[in-house]
Amino acid sequence: MTYTTIVAGVGDLTDNAHVIDRACEMARLCDATLLLVAGFDPVSARDKARVADTAQVADVRVNEVQLTEDEAYAVVEKARDIAVERGVGLAQGVVVEGTAVSAVTLVTLEAEADLVVVGSKGVDSLLGRIFGAVSVQVLRKSQCDVLVVVP
């Protein structure tokens, strides 16, 4: 199968190395555009602590590890550099406000991606598990393939 647009969720370059490797391989083989996506949390650590102290029921957003906006930009820029080094013709970093799953889903739908690459172990296991749970919706809406890679 040939893909024209591939979306890869990145969050931590060490834990997501296998995701980036596979996404780069697929993009290079298909001569596809590679969109490297990271979500960021606009809520400050101080505000999260305040919410956690007052919340009766744990909020998934408070408990999920999120990147700051600056960290997200740094991660996608480094991931883009890696993709270029590995011979990907067109690689672009995309930073979206929100959780990793919502960022990947949004970019997948807006770019009308053919393939989404996510991880299933390590820090990115939350992304892999949650994205696996919502991938049916994404597949219905965008009709793309989802590749969950294991390190």
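We count residues from 1, following the sequence as given.
- Heavy-atom contacts from other residues, nucleotides or ligands closer than 6.0 Å to CG of Asp81 number more than 12.
- The nearest pair of heavy atoms linking Ala32 to Val88 is O-CG1, 4.4 Å.
- Looking at Phe40 and Thr68, their side chains never come closer than 4.5 Å, going by heavy atoms from C-beta outward.
- Closest heavy-atom contact between Arg28 and Arg86: NH1-O, 2.9 Å.
- For Val76 against Val37, the heavy-atom pair with the smallest separation is CG1-C, 4.2 Å.
- We find the CD1-CZ distance between Ile6 and Arg22 to be 10.0 Å, quoted to the nearest 0.5 Å.
- To the nearest 0.5 Å, atoms CG (Leu13) and CG (Leu36) are separated by 9.5 Å.
- Interatomic distance, CG of Leu115 versus SG of Cys30, reported as 8.0 Å (0.5 Å rounding).
- From Ile20, atom CD1 reaches atom CZ of Arg80 across 12.5 Å, with rounding to the nearest 0.5 Å.
- Here the shortest heavy-atom pairing between Thr5 and Leu35 reads CG2-CD1, 3.9 Å.
- The minimum heavy-atom distance linking Gly11 with Val75 is given by the pair O-CG2, 3.5 Å.
- In this structure, Tyr3 and Met26 have side chains that are in contact, with non-hydrogen atoms separated by less than 4.5 Å.
- You'll find the side chain of Thr33 stays beyond 4.5 Å of the side chain of Thr4, heavy atoms only.
- Using a 4.5 Å cut-off on side-chain heavy atoms (C-beta onward), Ser102 and Thr105 make no contact.
- Contact record, Ala72 with Leu67: CA-CD1, 3.8 Å, taken as the closest heavy-atom pair.
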